[in-house]
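Every heavy atom of this structure was used, including side-chain atoms; hydrogens, water molecules and symmetry mates were not. The first residue in the sequence is number 1, and the count goes up from there.
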Amino acid sequence: SSPAHRPSAARPRLSGPFLFLPMLKVSLISLGCAKNLVDSEIMVGHLHQAGMKVVPEAEKADVVLAVGTRLQDFTTGSWSVFQHPDLHLIGINAARIDAIKHRSLPVIGDVLESITALDSALGDWHADPTWTALGAAQGQRIRDAVAIRTTPHDNEVPTYAQVVGAVHRVAGPDDYVLTAAGGLPGELNNNWLSKGVMTFDCEYGFSCMGYEVSGAWGAAMQRSRSRPGSRVYALAGDGSYLMLNSDIYSAVLHEHDLVLVVCDNAGYAVIERLQRFYEHENSNIHRAAHALAARATDAYEGARESVRR
């Protein structure tokens with residue numbers, strides 16, 4: 001159970017490795033499935049009550065608690081997200097090789113059991129409502145930003161974010177959303193505010209084009225038994241659609257209900273850009289002194305500028 005629901009004004013009782021850490025500034029970021037259902041405002045209140053300062057920028061954090069993550073380049077921004085010179089990283093993971101990454105203080109064990117143990121250390125303490133309001137305000141700023149990106153406009157071809165918003169508006173709390181490759185994983189991670197637990201599936205570790213169709217069919221099979229009446233929504237690009245579109249027929253043949261949204265930009269944009277890079281711009285160490293290396297660098301820096309805009 002969560003300490004947020006226990007009526008007591010007692011101070012938290014931190015123990016174990018936390019006694020040795022100068023916990024001064026903390027930034028809270030929630031990632032993964034049903035990410036926006038996390039009671040982040042309660043967590044922020046806990047940290048304030050423990051004498052810490054919550055900062056909006058993760059790079060200023062003194063302590064990072066990495067729960068069940070492999071701390072890959074996506075998670076750490078190629079290790080640019082966390083920049084404090086005296087950073088303390090605590091890794092909770094069942095796999096030792098992931099728990100000890102980046103010189104962390106490892107806690108090797110089941111994530112749920114480890115978090116339960118930390119929960120027990122807090123006893124009957126709960127956060128002051130003043131601090132929970134701070135977290136709620138931060139959450140509202142995120143929701144406002146999502147609303148701006150996903151709101152449709154007249155006389156425009158919709159953006160990926162606006163397509164995500166359209167699906168989100170019709171999806172219910174038991175419905176399931178899925179994507180895998182191209183630009184859509186980033187759009188769903190940034191713009192999908194989860195309405196229920198275990199309703200968000202973003203396969204991007206291997207950029208599996210076609211998973212949007214076959215994966216959605218598999219999800220529809222499972223949820224027809226576990227959550228009858230719920231619906232599976234899959235978002236795919238035009239390139240991914242070509243990979244396994246025959247599974248649409250299979251899903252219909254076996255009477256499994258799913259909704260497939262295909263975003264057709266008429267150009268297979270991600271595939272085309274990768275092909276163009278490897279055909280005309282990619283440079284290895286032997287060609288680093290040539291114009292091709294400069295061209296590759298310009299292509300990457302131009303992408304950064306496009307993202308910034």
(request) Kindly compute the distance separating OG (Ser214) from CG (Asn245), expressed to the nearest 0.5 Å. (result) 11.0 Å

(message) Using 0.5 Å steps for rounding, measure from the OG atom of Ser114 to the CG atom of Leu112.
(response)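 Here the rounded value is 8.5 Å.
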
(request) Examine the side chains of Gln162 and Thr150 and answer whether a donor and an acceptor come within less than 3.5 Å of each other. (result) no

Linking I/L/V/M/F/W/Y whenever any side-chain heavy atoms sit under 4.5 Å apart, do [X] and [Y] land together?
X	Y	answer
Ile248	Tyr176	yes
Val157	Ile148	no
Val164	Val170	yes
Val252	Leu260	no
Val64	Ile108	no

(request) Show the numbers, then the answer: is there a side-chain contact (heavy atoms from CB on, under 4.5 Å) between Trp217 and His254? (result) CA-CA 10 Å; Trp217 179 27; His254 293 276; 3.7 Å; yes

If you take all heavy atoms of [X] and [Y], which pair is closest and at what distance?
X	Y	value
Gly237	Leu184	N-CD1, 3.8 Å
Ala99	Val107	CB-O, 4.4 Å
Ile92	Leu65	CD1-CD1, 3.8 Å
Ala236	Ser240	CB-CB, 4.3 Å
Cys208	Ala180	O-CB, 3.5 Å
Val163	Pro158	CG2-CB, 4.2 Å

Could you tell me if the side chain of [Y] sits less than 4.5 Å from the side chain of [X], heavy atoms only?
X	Y	result
Asp201	Val177	no
Leu244	Tyr211	no
Phe200	Leu188	yes
Leu105	Leu89	no
Cys202	Asn189	yes

Do the side chain of [X] and the main chain of [Y] share a donor and acceptor less than 3.5 angstrom apart?
X	Y	result
Ser224	Met221	yes
His168	Leu193	yes
Arg227	Gln222	no
Thr199	Gly196	yes
Arg149	Asn190	yes
Lys195	Asp175	no
Asp110	Glu113	yes
Glu212	Ala181	yes
Glu187	Pro185	no
His102	Ser104	no

(message) Quick one, Asn191 with Tyr160, criterion side-chain contact (heavy atoms from CB on, under 4.5 Å). Give me CA distance, side-chain angles, the key distance, then yes/no.
(response) CA-CA 10 Å; Asn191 298 305; Tyr160 275 5; over 6 Å; no

(message) List the residues meeting salt bridge (charged side-chain N to carboxylate O under 4.0 Å, His left out) with Asp98, not counting sequence neighbours, and say none if there are none.
(response)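 Listed in chain order: Lys101.
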
(request) Could you work out the complete set of other residues in the hydrophobic cluster of Leu253, with links drawn between I, L, V, M, F, W and Y side chains under 4.5 Å apart? (result) Tyr249

(request) For Val232 and Val259, run side-chain contact (heavy atoms from CB on, under 4.5 Å): C-alpha distance rounded to whole Å, both residues' side-chain angles, the deciding distance at 0.1 Å, then the answer. (result) CA-CA 6 Å; Val232 174; Val259 176; over 6 Å; no

(request) Carefully, step by step, assess Leu178 and Tyr233 under the rule side-chain contact (heavy atoms from CB on, under 4.5 Å). (result) CA-CA 6 Å; Leu178 176 151; Tyr233 293 91; over 6 Å; no

